[in-house]
Novice: 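Following this message is one structure expressed as structure tokens.
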Amino acid sequence: MLDIKFIRENPDVVKTAVKNKNIKLDVDLLLKIDMELLNVKNLIQNLSEEKNRLSLEIRNNNEEAKTRALEVKVLIKENEEALKEKEQEFKKMMLLTPTIPSEEVPIGIDASFNVVTKKFGEIRKFDFKPKSHIELLDINDLAEFNKITKICGSRTLALKNNLARLEMALWQFTYDILFEKGFTLFNLPSVVFEEALYGTGHFPNEIENTYALPKDKQYLTGTAEVVLNGIHKDEILNEDDLPIKYAGFSPCFRREAGSYGKDIKGLIRVHQFMKVEQFIITKNDLEESEKMYQFLLNNTEELLQKLKIPYQIIMCSTGDMGVGKYKMQDVECYLPSENRYIETHSCSNLHEFQARRTNIRYRENKTNKVKFVHTLNNTGLATPRILAAIIENYQERDGKIKIPEALRPYLRNLEWL
RNA sequence: GGAGAGGUGGCAGAGUGGUCGAAUGCGGCAGACUCGAAAUCUGUUGUUGGAUUUACUUUCAACCGAGGGUUCGAAUCCCUCCCUCUCCGCCA
């Protein structure tokens, strides 16, 4: 969501962003409605002024004023009805207004325009044909698929035995690192009101991908970002308290609508998973928020480097990065069995987008003015997806799986899964 | 699930139909005193939108959980929803 004033003054910039991000939004129509809205608002304000004046006179038993007041009342009501209609239309369109992407972002309508910006870690040369993580899970009795699917539906699974322990170890490992980096840790709920999802920008676009609890008018979140972003809703923060660094651990739910046939088996794409999300609230300052962005990205790299998993970083193109994003980079881990990289992390700077929707502001010390904060987020770690990369990269010829050294302290120095 | 109480400015807390955007206290900010600090004293202290202006300058409107209603006029009365608290019941 953008500032309407910015849209009025820079319609062409907005139109370009709309086009590059492949968004269905008629900017000219939005501006037309904006004008109409202003007119109605002015009219109502004038009537309200009159109403207030008349009320004072009525206290002095002015009968004429009372007659006029009744007329004004009707006029206000009529105009308010017109206002409400236009406002709804306006809000709907405003929710679709995109953040203007950074100049670093490649322009293109889909993922095919993404660019690899970094590769790290040596890809292991196997002297045997690496097995898929699905095979390895089976050999080592580390997961249950079919029996669980019968009970819970497609794209569900259970981690078993030492893999279940490894998952827990990963959480400890991730939390330790983020805590040392100054993050406030939250173990969070995943049930929210729709308001929170509009706040992050997941709604309206992601409604189809979100589990609903209609009886309670609530939804299951697909990321802890939703709750973390909502924590400071409607607040005016002190500049001195920024940046705020939150790490949230929560179950995540995604319907994966429209992804039929994609990564059906295994640990890659499931309906319910666990994730630690990094979330930062910072000043409305390009330099500062870029600094925080690099911080978030570095944290992820550090984690993966400690786990010794080869990865690459992708700069997402305009069409692949979502309405609200200024800049987004995915971190992808190497999967030996398929000789490809799979997305395990996604780092985003949303500028004011979420702050506007959620009304999170701060008072700037220098000017004493109230400004919208910038919000940023990046995956800390998500399972089971990352487990696929760990298992495959750490496999041996006989199908045994080594445990990354960084995790062993959390597993009583266990060496093999 | 049943019964009751309540949601007001950064916080605490008054206000139950008419200059109430809201008393008071705390906190914050500025100043005085001080070598400096504390204490004390003085002043100041919400957001959003419109118009106006050299200037947050002046002015108007809106906002007291959210949305509706009654009234010339609502923080105050009525309805719905959300949230919080207390007691009872149930329960991981």
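Order of the sequence lines sets the chain letters (A, B, ...), proteins ahead of strands, with each chain counted from 1.
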Novice: Would you kindly compare A:K369 and A:A65 by the position of their nearest RNA chain B nucleotide and give the one closer to the 5′ end?
Specialist: A:K369
Novice: Could you measure between the two P atoms, the one in B:A23 and the one in B:A75, and give it in whole Å?
Specialist: 15 Å
Novice: Between C1' on B:C81 and NZ on A:K215, what's the gap in Å once rounded to a whole number?
Specialist: 17 Å
Novice: Can you say whether the rings of A:H351 and A:H374 are parallel (under 30°), tilted (30 to 60°) or perpendicular (over 60°)?
Specialist: parallel
Novice: Given B:U48, B:C83, B:C72, identify the nucleotide with an atom nearest to the side chain of A:I58.
Specialist: B:C72
Novice: Could you tell me the separation between the CG atom of A:D234 and the C1' atom of B:G9, rounded to a whole number of Å?
Specialist: 14 Å
Novice: From B:G50, B:U48, B:C72, pick the nucleotide closest to the side chain of A:R361?
Specialist: B:U48
Novice: What is the separation between atom CZ on A:R363 and atom P on B:C29, rounded to the nearest whole Å?
Specialist: 13 Å
Novice: C1' atom, B:G10 versus B:C64: distance in rounded Å?
Specialist: 16 Å
Novice: Of the nucleotides B:U19, B:G69, B:C60, which one has an atom closest to the side chain of A:E49?
Specialist: B:C60
Novice: For the pair A:K327 (side chain) and A:N349 (backbone), establish whether a donor and an acceptor sit closer than 3.5 Å, ignoring hydrogens and angles.
Specialist: no
Novice: Using the side-chain heavy atoms of A:K51, tell me which of these nucleotides is nearest: B:U47, B:A74, B:G50.
Specialist: B:A74
Novice: Would you say A:N52 places a side-chain N or O within less than 4.0 Å of OP1 or OP2 belonging to B:A61?
Specialist: yes
Novice: Given that both distances must come in under 3.5 Å, which nucleotide forms a Watson-Crick or G-U wobble pair with B:G31?
Specialist: B:C41
Novice: Between A:K73 and B:C72, is there a side-chain N or O to OP1/OP2 distance below 4.0 Å?
Specialist: yes
Novice: From CG of A:D216 over to C1' of B:C81, roughly how many Å is that when rounded to an integer?
Specialist: 13 Å
Novice: Check whether any side-chain N or O of A:K84 sits under 4.0 Å from OP1 or OP2 of B:G68, and answer yes or no.
Specialist: yes
Novice: Tell whether A:Q45 reaches the base of B:G49 with its side chain through a donor-acceptor pair below 3.5 angstrom.
Specialist: yes
Novice: Could you give the distance separating B:C87 and B:U44 at their C1' atoms, to the nearest angstrom?
Specialist: 46 Å
Novice: To the side chain of A:F193, which of B:G50, B:A62, B:C82 is closest?
Specialist: B:C82
Novice: With the side chain of A:N42 defined as its heavy atoms from C-beta on, choose the nearest nucleotide among B:G50, B:G69, B:U19.
Specialist: B:G50
Novice: Out of the candidates A:K369, A:E364, A:K371, only one should pair with A:T367 under the side-chain hydrogen bond (donor to acceptor under 3.5 Å, both in side chains) rule; please name it.
Specialist: A:E364
Novice: So what does A:R68 hit on the nucleic acid, given a heavy-atom distance under 4.0 Å: a base, only sugar-phosphate, or nothing?
Specialist: nothing
Novice: For B:A92, what is the paired nucleotide under Watson-Crick or G-U wobble rules, both distances under 3.5 Å?
Specialist: none
Novice: Side-chain N or O of A:K66 versus OP1/OP2 of B:G73: is the shortest distance under 4.0 Å?
Specialist: no
Novice: Using the P atom on both, measure B:C83 against B:A66 and round to a whole Å.
Specialist: 15 Å
Novice: Does A:R53 have a side-chain nitrogen or oxygen under 4.0 Å from the phosphate oxygens OP1 or OP2 of B:C60?
Specialist: no
Novice: Distance check needed: B:C60 P versus A:L47 CG, whole Å only.
Specialist: 17 Å
Novice: Does atom NZ of A:K15 have more than 12 heavy-atom neighbours, drawn from other residues, nucleotides or ligands, at distances under 6.0 Å?
Specialist: yes
Novice: Working note: A:R363 + A:N368, criterion side chain to side chain contact (heavy atoms under 4.5 Å, CB included); need CA distance, chi angles, decisive distance, verdict.
Specialist: CA-CA 6 Å; A:R363 195 177 299 280; A:N368 211 32; 3.2 Å; yes
Novice: In whole angstrom, give me the gap between the C1' atoms of B:G67 and B:U58.
Specialist: 35 Å
Novice: Where each residue is assigned the nucleotide of RNA chain B containing its nearest heavy atom, which of A:K217 and A:L56 is assigned the position nearer the 5′ end?
Specialist: A:L56
Novice: Between B:G21 and B:A61, how far is it from one C1' atom to the other, in whole Å?
Specialist: 13 Å
Novice: Take atom P in B:C77 and the same atom in B:G7, then report the distance between them in whole Å.
Specialist: 10 Å
Novice: Round to the nearest Å and state the distance from A:D240 atom CG to B:G10 atom P.
Specialist: 17 Å
Novice: Would you call the rings of A:Y410 and A:F173 parallel, tilted or perpendicular if under 30° counts as parallel and over 60° as perpendicular?
Specialist: perpendicular
Novice: Which is true for A:L70 with a 4.0 Å heavy-atom rule: it touches a base, it touches only sugar-phosphate, or it touches nothing?
Specialist: sugar-phosphate
Novice: Is the Lys NZ or Arg CZ of A:K245 less than 6.0 Å from the centre of A:F295's six-membered ring, within 45° of the axis?
Specialist: yes
Novice: Specify the separation, in whole Å, of atom CD1 of A:I76 and atom C1' of B:G69.
Specialist: 16 Å
Novice: Take the protein atom CG of A:L83 and the nucleotide atom P of B:A62, then report the distance between them rounded to whole Å.
Specialist: 13 Å
Novice: Could you tell me the Watson-Crick or G-U partner of B:U59, where both distances fall under 3.5 Å? Say none if there is no partner.
Specialist: B:G50
Novice: Please report the distance separating the P of B:G89 from the corresponding atom of B:C82, rounded so that it comes out in whole Å.
Specialist: 25 Å
Novice: Return yes when atom CD of A:E195 has more than 12 non-hydrogen atoms of other residues, nucleotides or ligands closer than 6.0 Å, and no otherwise.
Specialist: no
Novice: Could you check which nucleotide pairs with B:C77 in any of the strands shown, counting Watson-Crick or G-U wobble with both distances under 3.5 Å?
Specialist: B:G69
Novice: Does B:C85 pair with anything, Watson-Crick or G-U wobble, both distances under 3.5 Å, and if so, with which nucleotide?
Specialist: B:G4
Novice: Could you check which of B:C72, B:U70, B:U19 has an atom nearest any side-chain atom of A:K77?
Specialist: B:U70
